[in-house]
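Note that this is a predicted model, so its numbers are computed, not measured. First the proteins, then the strands, lettered A, B, ... as listed; each starts at 1.
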Protein chains: 2
Amino acid sequence: MSLKDVAAEAGVGFGTASRTLSDSGYVAEGTRRRVLEAADRLGYRPNRLAAGLRSNRSRLIALLVPDYTNEFYARGSAAIARCLRDLGYQLIIATSSNGTEERDAIESLAEYHVDGIVRVPVDPDLDARVSCPVVELNRRSNLPRVPAVLCDDRSGFRALTEALLERGHRRIAMIVGEQNFSTSLERAAGYREAIAGTDVPSRVLFGSFDSRWGEQATREIFSDEESITAIIAASPRIASGAVAACVKMGVRVPDDLAFASYDDPEWFDFWGSGIRSFVPPLEEMARRAVEVLLDRLESPDSLPETIVLPGRTHEGGSIGVGLA
Amino acid sequence: MSLKDVAAEAGVGFGTASRTLSDSGYVAEGTRRRVLEAADRLGYRPNRLAAGLRSNRSRLIALLVPDYTNEFYARGSAAIARCLRDLGYQLIIATSSNGTEERDAIESLAEYHVDGIVRVPVDPDLDARVSCPVVELNRRSNLPRVPAVLCDDRSGFRALTEALLERGHRRIAMIVGEQNFSTSLERAAGYREAIAGTDVPSRVLFGSFDSRWGEQATREIFSDEESITAIIAASPRIASGAVAACVKMGVRVPDDLAFASYDDPEWFDFWGSGIRSFVPPLEEMARRAVEVLLDRLESPDSLPETIVLPGRTHEGGSIGVGLA
DNA sequence: ATGAAAGCGCTAACAC
DNA sequence: GTGTTAGCGCTTTCAT
C-alpha cells in the first residue's frame with residue numbers, strides 16, 4: 001500500500017498524490033480532496049524511510065545524553081519529545097557514558113540521517129562534527145561555533161553561597177563533578193565569586209556527577225581537621241550521596257551542617273525541612289534547544305547563538321537559620 | 001559518498017561491496033579485505049534509511065511508554081537501549097499519556113517502519129495491531145496473543161500485606177492506580193489474597209499512578225472514621241504523594257502509620273528509616289522484553305509467551321516493629 | 001565468487 | 001494544475 005495505490009484510487013497521477021499529501025506545490029482543491037479521501041479510505045501511511053531517502057529530510061531528531069536514568073535528563077528528554085512531536089518529528093535517543101560511546105553514538109545516528117542532534121556533551125573535546133546541525137544542551141563542549149542552550153549556573157551558585165555567608169558560615173565546601181565539564185566550572189565559579197573578597201577559604205572538590213562521589217567527598221570533608229559548617233552539592237546525584245553520608249555519619253542537617261544543592265527532585269522536599277537549591281528552567285531550556293535546532297535546519301549558516309537562561313531558587317530549611 | 005564509491009575505490013562491483021559490508025552471501029577473503037579497506041579509507045557510513053527501505057528492516061526499535069519522566073520507565077528505557085545498541089539497533093522513543101496519543105504514536109512509529117515495538121500499554125483496549133511484532137512490558141493490554149514481560153506483583157503485594165498482618169495491623173488501606181491497568185488489579189489482588197480468611201476489611205482505593213492521587217487518597221483515608229494503621233502504596237509516585245500528605249498532616253511513619261510501597265527510588269532510603277517495598281527486576285524485565293521481540297523478528301509466528309518474573313523485597317523501617 | 005540490473009516508496013524537476 | 005520520469009542508496013536476484 002503506497003502512494004501509487006492512493007493515486008490510482010483517486011484517479012490521479014503519482015506526483016499529484018505526493019504533492020497533496022506533503023502539501024508542496026499546486027493542487028486544485030477538488031483533486032486535493034479526492035486524494036485525501038482516497039488516502040483515508042485506504043488507510044495510507046507514508047513511508048518516512050523512503051521520503052527521507054529521497055528528500056534528505058528524515059524528520060528524525062537525535063538526543064544524545066549521558067544517561068537518562070538521571071531524572072534531570074529524563075525530564076529534559078520528555079520536554080524535547082513533546083515539542084518535537086507537535087512538529088511532526090520523531091525522537092531517536094542514544095546515551096553515552098564516555099567519549100568512545102559518544103563517538104559511536106554520533107556515527108550511528110548519522111547513519112540514520114537524523115535532521116539534527118540535541119547533545120549534552122560527555123566528552124567536551126570530542127570532535128562531533130557531523131553534516132547535520134547540533135545544539136548543545138545544559139553543558140557546552142569545547143567546539144567553536146556550536147549553538148548552546150544553558151542555564152546561568154554561575155549566578156545561581158553565587159546566590160546559594162551568599163545565602164550561606166549571610167547566615168554566618170565561614171567554612172563552606174563545594175562538591176562538583178568532572179573537572180572538564182562547563183557545568184562544574186561555572187558552578188564553582190559562582191561559589192568563588194561569592195567568597196571573593198571575604199576571608200572564607202575556597203574549597204572545591206572535583207569528582208564526578210554521581211552519588212558515589214557525593215558520598216565519598218562528604219566523608220573526605222568530615223575527616224579533615226578544619227570544621228566545615230556548610231556544603232554545596234553541584235547536582236542532585238551528588239546531593240543524594242552527600243545526604244547518605246550524613247545519615248550514616250549521624251551528621252544532622254541543618255543543625256550540624258548547612259546544605260544546599262541543585263535542581264529539585266521530589267525527594268528534596270521530604271528530606272528534613274527541605275533542601276535549598278538552585279533550579280534550572282529545564283523545560284524552557286529544552287524548548288529553546290529545539291527552537292534553535294529547527295532554526296538552523298531552515299538557515300544552516302545563521303550565527304551560532306549561546307542562550308543562557310536564568311534559574312530560580314528553591315527555598316528549603318537545609319541551610320538553617322544561621323550560626324549561633 | 002555511497003556504496004558505489006566504495007565499490008569503485010575497491011575496484012569491485014556494486015553488489016560485492018554490499019555483500020561484504022552487510023556480510024551476506026559469498027565474498028572471497030581477498031576481495032573482502034579490499035572492500036573493507038576501501039570503506040575504511042573513505043570513512044564510509046551506510047545509509048540506514050536506504051537499507052531499511054530496500055530490505056524492510058530499519059534496525060529501529062520503538063519504545064512506547066506513558067512518561068519517561070517517571071524514573072521507573074527511565075530505568076527500563078535505559079536498559080532496553082543498552083541491549084539494543086549492542087545488537088546494532090537504534091531506539092526511537094514515544095510517550096503517550098492517553099489512548100489517543102498512544103494511537104497517534106503507534107501510527108507515527110509505523111511510518112518509520114520500526115522493526116518492533118516495546119510497549120507499556122496506556123490504553124489496554126487500544127487495538128495496537130501493527131505489522132511489526134509488539135511486546136508488552138510491565139503491564140498487559142487486553143489484546144489476545146501479544147507477548148508480555150511482567151513482574152509477579154501479586155506475590156509481592158501479598159508478601160507486603162502479610163508482613164503488615166504479622167505486625168498486628170487490622171486496618172490496612174491500599175492505594176492503587178487506574179482501575180483498568182493490569183498492574184492495579186494484580187497488586188490489589190495480592191493484597192486481597194493476603195487478607196482473605198482474616199477479619200481484616202478490604203479497602204482498596206483506585207485512582208491513578210501519580211503523586212496527586214497518592215496525596216488525595218491518603219487524606220481521604222485519614223478523614224474517615226475508621227482508624228487505618230497501615231497504608232500500602234502501589235507505586236513510588238503514589239508513595240510520594242502519600243508521604244507528602246503524612247508530612248503535612250503531621251502523621252509520623254512508622255509511629256502513627258505503617259507504610260509500604262513499590263520499587264526502590266533513592267529517596268525511599270532517606271525517608272525516615274527507609275521504606276519497605278516490593279522491587280521488580282526492572283533491568284531483567286527490559287532484557288527479556290528485547291529478547292522476546294527479537295525472537296519474534298526471526299520467527300514471527302512463534303507462540304506468544306507471557307513471562308512473569310519474581311521481584312524482591314526491600315527492607316525498611318517504615319512498617320515498624322508491630323502494634324503495641 | 002562476482003557483476004549487472006531491478007526496484008523498495010518516495011520527492012523533485014520537468015514537460016505539457 | 002497535473003502526469004511523467006529520474007533517481008535517492010541500498011539489497012537482492014539472476015546471470016555468469
Side-chain angles (χ1 to χ4, degrees), chain A residues 1-36 38-39 42-60 88 90 107-108 110-115 131-132 297, chain B residues 1-36 38-39 42-60 88 90 107-108 110-115 131-132 297:
Chain A
M1 221 281 311
S2 72
L3 247 194
K4 229 184 315 196
D5 303 299
V6 177
E9 172 85 8
V12 301
F14 188 22
T16 307
S18 169
R19 259 166 291 156
T20 304
L21 292 165
S22 55
D23 42 27
S24 58
Y26 299 98
V27 181
E29 190 43 36
T31 325
R32 198 185 128 73
R33 222 188 17 258
R34 282 214 323 283
V35 172
L36 254 23
L42 297 178
Y44 170 72
R45 300 267 101 199
N47 182 334
R48 299 249 175 247
L49 261 30
L53 174 60
R54 184 59 238 249
S55 65
N56 267 316
R57 283 296 181 91
S58 61
R59 300 199 75 79
L60 240 28
Q90 277 289 356
E107 297 200 333
S108 169
E111 295 181 357
Y112 284 93
H113 288 231
V114 296
D115 289 341
S131 54
C132 67
L297 267 181
Chain B
M1 219 282 311
S2 73
L3 246 195
K4 229 183 317 196
D5 304 299
V6 177
E9 172 84 10
V12 301
F14 189 22
T16 307
S18 169
R19 260 165 288 153
T20 304
L21 291 165
S22 56
D23 42 28
S24 59
Y26 299 98
V27 182
E29 190 42 40
T31 324
R32 198 184 129 74
R33 221 186 19 256
R34 283 218 317 286
V35 172
L36 255 23
L42 297 178
Y44 170 72
R45 300 268 102 201
N47 181 333
R48 300 251 175 245
L49 260 31
L53 174 60
R54 184 59 237 246
S55 66
N56 265 314
R57 284 296 182 91
S58 61
R59 302 198 75 79
L60 240 28
Q90 277 288 358
E107 298 201 332
S108 168
E111 295 182 357
Y112 284 93
H113 286 231
V114 295
D115 290 340
S131 54
C132 67
L297 268 180

Interatomic distance, [X] [atom1] vs [N] [atom2] [rounded to whole Å]:
X	N	atom1	atom2	value
A/Phe14	D/dG1	CZ	C1'	18 Å
A/Asn47	D/dC10	CG	P	16 Å
A/Arg33	D/dG1	CZ	P	15 Å
A/Leu49	D/dC10	CG	P	13 Å
A/His113	D/dG9	NE2	P	8 Å
B/Asp5	D/dG9	CG	P	9 Å
B/Asp23	D/dT12	CG	C1'	15 Å
B/Lys4	D/dG9	NZ	P	7 Å

Taking the side chain as every heavy atom from C-beta outward, state whether B/Cys132 and B/Val114 have any atom pair closer than 4.5 Å. yes

For A/Val35 and A/Leu21, what are the C-alpha separation, side-chain angles and deciding distance, and is it a side chain to side chain contact (heavy atoms under 4.5 Å, CB included)? CA-CA 8 Å; A/Val35 172; A/Leu21 292 165; 4.2 Å; yes

Base of D/dG3, side chain of A/Arg19 - is there a donor-acceptor contact under 3.5 Å? yes

If the test is side-chain hydrogen bond (donor to acceptor under 3.5 Å, both in side chains), which one of A/Gln90, A/Arg45, A/Arg48 qualifies with B/Ser108? A/Gln90

Answer with base, sugar-phosphate or nothing: what part of the nucleic acid does B/Thr31 contact at a heavy-atom distance below 4.0 Å? sugar-phosphate

Is there a donor-acceptor pair closer than 3.5 Å between any side-chain N or O of B/Tyr112 and the backbone N or O of A/Ser58? yes

Examine distances only and state if a side-chain atom of A/Arg59 and a backbone atom of A/Gly88 form a donor-acceptor pair shorter than 3.5 Å. yes

Residues B/His113, B/Leu60; criterion side chain to side chain contact (heavy atoms under 4.5 Å, CB included); working and verdict: CA-CA 8 Å; B/His113 286 231; B/Leu60 240 28; over 6 Å; no

If you apply the rule side chain to side chain contact (heavy atoms under 4.5 Å, CB included), what do you find for B/Leu53 with B/Leu49, and how did you get there? CA-CA 6 Å; B/Leu53 174 60; B/Leu49 260 31; over 6 Å; no

Out of [options], which nucleotide sits closest to the side chain of [X]?
X	options	value
A/Tyr26	D/dG1, D/dC10, D/dT4	D/dG1
B/Ser18	D/dT2, D/dG7, D/dT11	D/dT11
A/Leu53	D/dT11, D/dC8, D/dT2	D/dC8
B/Ala50	D/dG1, D/dG9, D/dT11	D/dG9
A/Val27	D/dC10, D/dT5, D/dT2	D/dT2

Closest nucleotide of DNA chain C for B/Thr16 versus for A/Arg45: which of these residues is on the 5' side? B/Thr16

Smallest separation among heavy atoms of A/Ala17 and A/Ala7, with atom names: CB-CB, 4.0 Å

Reading DNA chain C from 5' to 3', where do the contacts with chain B start and stop? Cut-off is 4.0 Å to heavy atoms. C/dA1 to C/dG9

Interatomic spacing from CZ in A/Arg19 to OH in A/Tyr26 - rounded to 0.5 Å: 11.5 Å

Could you grab the distance from atom CZ of A/Arg32 to atom CG of A/Asp23, nearest 0.5 Å is fine? 6.0 Å

Taking only side-chain N and O atoms of A/Tyr112, does any of them lie within less than 4.0 angstrom of OP1 or OP2 on D/dG9? no

Enter the inter-axis angle for the ends of the helix from C/dA1-D/dT16 to C/dC16-D/dG1 (five pairs per end, rounded to 10°). 40°

